Amino acid sequence: MKKNNATGIKIHSLLILMTAIFTLQACKKSDSEIGQVFFKETKNKVFKEVQNEAFISVFKKTLEEKKSSLRNPKFIAAYYESNEYQPVLMTRHLPKEQLKVMADYLSKAGSHGLDPQIFAANSLADLLKKVYDKNAIKTVDEAYKVIAELEIMAANSLIDYSNALQFGMISPRKIYATYYTETKRPDSTSMVEVLKVNDLKRYLDSIQPKGSQYLALQQGLASGTAAPGHTAEETSRMLQVNLERLRWKNRKDDKKFVIVNIPDFRLDVIENEKSILNMKVCVGEGRELKTTDLLKEYDEVDLKKDRPFSRETPQLGSMIHSVQVNPVWNIPESIATKEITKHAAADRYYLSNNNIDVFKDGEKIEDPELIDWSDPNAGKNYFFKQRSGNGNSLGKIKFLFKNEVAVYLHDTPAKAAFNQSMRAVSHGCVRVEKPLELAHALFGDSKQYEQIKTDMAQTEGQQARDIALPKQIPVYLTYFTSWKAEDGTLQFRKDVYGLDVVLYSYLQKLGKS
């Protein structure tokens with residue numbers, strides 16, 4: 001019985017010993033995997049000495065040191081923690097020199113109007129060169145440090161480059177004071193997918209924007225195109241900022257939508273990627289540009305904040321849900337203070353002659369000419385509403401869509417402004433040249449459109465009528481100073497609000513950081 005127990009103990013001990021041996025062998029195999037990958041690629045025997053635990057210690061320390069230079073430090077730190085601080089990119093992409101391919105793509109970021117140094121292109125190339133130089137890394141401690149730095153740099157550069165091409169380098173909401181268009185930005189889910197890629201070249205080819213507008217601006221950038229009245233350098237800057245705008249994911253895949261390009265003073269109705277209606281528009285007045293006409297950088301103080309003029313038409317995206325025919329104009333407080341009360345103070349009959357009613361605490365004032373309109377607070381103390389009629393500032397129709405700044409498209413009695421080349425003349429809303437045609441493009445041949453046409457033709461007794469669209473249609477108020485026309489030529493327009501200057505300054509700052 002004792003003999004059997006002794007035999008059992010020996011067998012049990014042997015099993016424990018064998019398990020320990022296999023575990024140790026497995027650990028050694030795991031320890032040498034990182035080094036084997038580097039040794040196989042570089043033939044530098046130093047990498048054979050690499051051990052997993054020692055590497056992890058160096059990697060953690062290096063990651064902490066590099067955090068301040070990473071654009072997404074929290075994500076990268078969390079990612080490597082979840083992967084036990086293993087150099088997953090090196091293991092996957094060092095073979096077949098895929099990292100060299102990536103470094104080459106980063107070095108050509110200028111073709112997208114982006115400074116390659118934003119993605120540490122030179123630093124990555126230099127570090128790769130050091131790895132492949134047999135004489136450059138002579139100790140295992142140097143090997144640990146180089147592997148850690150290369151892994152972190154490659155992850156950071158790959159994520160930044162991928163995000164830039166798919167979402168844009170800069171979030172427009174962060175740099176523009178009046179930007180109200182939903183714009184998708186990268187998140188942890190999208191960035192994890194980037195780090196899971198197996199074939200780097202195929203992936204980097206796949207994220208090249210393929211839209212005809214983007215490719216046309218890239219070609220213009222590569223060929224050194226000079227816009228009329230501008231140098232090639234100034235034109236290059238214009239192309240760079242508009243390439244960035246094209247990378248922003250701020251439009252849905254709509255078959256039909258209305259788009260206004262503010263610098264071009266034009267509106268298009270797009271259906272199935274073709275313009276089915278085009279017309280002139282008047283947009284809001286812009287800021288005083290001065291030297292910004294030449295697309296120079298703002299200084300550090302100016303760079304901190306975009307400073308729009310109060311009447312600038314904002315960039316926004318929304319859905320046109322209805323129209324109001326023979327509209328009533330609810331006059332904003334800013335216009336009431338700066339204009340209406342001043343006119344009323346100068347001419348006691350101004351309000352009645354322009355069909356403007358005055359309200360106080362919701363009650364209509366029957367004798368507004370008795371009010372002292374010279375009082376500087378009059379525009380705040382009273383509410384003004386212009387009745388429907390031929391002289392209404394909104395004309396015969398306004399097109400309504402939800403937005404944070406009470407902006408809409410509308411008709412106007414002041415038709416002469418459409419003959420001007422510079423049409424930044426409104427208070428912020430967009431005046432349309434062909435309102436009835438726009439209504440037809442939205443409503444089609446329908447009972448609603450016939451009602452709109454009848455109501456707009458009235459010359460007396462006009463009453464406001466709200467008519468809902470059967471299906472809401474997207475509308476985008478955009479800002480492009482360069483684009484490809486239907487005939488294939490590149491078009492350039494003046495930076496009427498100085499928004500190119502703001503964007504270019506931020507892009508330049510990224511390259512210097």
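Because the structure is predicted, anything quoted here is derived from the model rather than measured.
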Rounded to the nearest 0.5 Å, how far does [atom2] of [Y] lie from [atom1] of [X]?
X      : Y      : atom1 : atom2 : answer
Asp361 : Phe383 : CG    : CZ    : 12.5 Å
Ser69  : Arg71  : OG    : CZ    : 10.0 Å
Ile270 : Lys274 : CD1   : NZ    : 10.0 Å
Thr454 : Arg465 : OG1   : CZ    : 9.0 Å
Asn261 : Leu267 : CG    : CG    : 10.5 Å
Tyr79  : Lys196 : OH    : NZ    : 8.0 Å

Applying salt bridge (charged side-chain N to carboxylate O under 4.0 Å, His left out) to Lys447 and Glu450, what does each step give before you reach the verdict?
CA-CA 5 Å; Lys447 291 181 179 179; Glu450 291 302 321; over 6 Å; no
After noting the C-alpha distance and the side-chain angles of Arg387 and Asp357, does the key distance pass the salt bridge (charged side-chain N to carboxylate O under 4.0 Å, His left out) rule?
CA-CA 7 Å; Arg387 298 190 298 274; Asp357 293 326; 2.5 Å; yes
Do the non-hydrogen side-chain atoms of [X] and [Y] ever get within less than 4.5 Å of each other?
X      : Y      : answer
Leu499 : Arg245 : yes
Thr412 : Leu394 : no
Gln315 : Tyr176 : yes
Leu351 : Val358 : yes

Go through the steps for Arg311 and Glu339 under the test salt bridge (charged side-chain N to carboxylate O under 4.0 Å, His left out), then give the verdict.
CA-CA 13 Å; Arg311 295 182 180 180; Glu339 297 180 32; 2.7 Å; yes
Whether [X] engages the ring of [Y] as a cation-pi pair (distance to the six-membered ring centre under 6.0 angstrom, angle to the ring normal within 45°) should be assessed.
X      : Y      : result
Lys398 : Tyr408 : yes
Lys360 : Tyr382 : yes
Lys385 : Phe359 : yes

Distance only, no hydrogens: is a donor on one side chain within 3.5 Å (strictly under) of an acceptor on the other, for [X] and [Y]?
X      : Y      : answer
Asn326 : Ser388 : no
Ser310 : Glu312 : no
Arg237 : Tyr504 : yes
Asn250 : Tyr476 : no
Arg173 : Tyr180 : no
Ser162 : Gln166 : yes
Thr183 : Thr181 : no
Asn198 : His93  : no
Gln218 : Gln208 : yes
Gln386 : Asn355 : no
Gln462 : Asn390 : yes
Asp500 : Thr481 : yes

So which atom in [X] and which in [Y] form the shortest heavy-atom distance, rounded to 0.1 Å?
X      : Y      : result
Ile473 : Lys256 : CG2-O, 4.0 Å
Phe309 : Glu285 : CD2-O, 3.5 Å
Phe401 : Ser318 : CB-OG, 3.6 Å
Cys429 : Ala406 : SG-O, 4.0 Å
Ser482 : Leu239 : OG-CD2, 3.5 Å

Side chain Gln98, main chain Leu200, donor-acceptor under 3.5 Å:
yes
Would you sort out whether Lys255 and Glu271 count as a salt bridge (charged side-chain N to carboxylate O under 4.0 Å, His left out), showing the intermediate values?
CA-CA 6 Å; Lys255 290 186 178 179; Glu271 189 166 15; over 6 Å; no
Residue from Gln240, Glu233, Glu234 passing side-chain hydrogen bond (donor to acceptor under 3.5 Å, both in side chains) with Ser236
Gln240
What's the verdict on side-chain contact (heavy atoms from CB on, under 4.5 Å) for Asp160 and Asn72, showing C-alpha distance, side-chain angles and the deciding distance?
CA-CA 9 Å; Asp160 288 351; Asn72 297 282; 3.7 Å; yes
Criterion ring pair (Phe, Tyr, Trp, His ring centres under 6.0 Å) on Trp248 and Tyr479, from CA distance to verdict:
CA-CA 12 Å; Trp248 292 338; Tyr479 197 94; over 10 Å; no
For Asp306, is there an ion pair with Arg287 - N to carboxylate O distance below 4.0 angstrom?
yes
Report the C-alpha separation of Val323 and Phe443 in whole Å, then their side-chain angles, then the decisive distance to 0.1 Å, and conclude whether the side-chain contact (heavy atoms from CB on, under 4.5 Å) test is met.
CA-CA 10 Å; Val323 300; Phe443 285 88; 3.9 Å; yes
List the atom pairs, with distances to 0.1 Å, where a side-chain N or O of residues 341-350 and a protein N or O form a donor-acceptor pair under 3.5 Å, not counting sequence neighbours.
{"from": "Thr341", "atom 1": "OG1", "to": "Ala336", "atom 2": "O", "distance (Å)": "3.0"}
{"from": "Thr341", "atom 1": "OG1", "to": "Thr337", "atom 2": "O", "distance (Å)": "3.1"}
{"from": "Asp347", "atom 1": "OD1", "to": "Tyr349", "atom 2": "N", "distance (Å)": "3.0"}

I would like to know whether Val88 and Leu195 meet side-chain contact (heavy atoms from CB on, under 4.5 Å); could you show each step before the answer?
CA-CA 8 Å; Val88 292; Leu195 297 181; 5.9 Å; no
Around atom CG of Asp487, are there more than 12 heavy atoms of other residues, nucleotides or ligands at under 6.0 Å?
yes
Which is it for Met191 and Asn163 under the side-chain contact (heavy atoms from CB on, under 4.5 Å) test, yes or no, and what are the steps along the way?
CA-CA 8 Å; Met191 289 189 283; Asn163 288 347; 3.6 Å; yes
Take Tyr161 and Phe119 through the ring pair (Phe, Tyr, Trp, His ring centres under 6.0 Å) test and state the conclusion after the steps.
CA-CA 7 Å; Tyr161 184 77; Phe119 312 107; 5.4 Å; yes
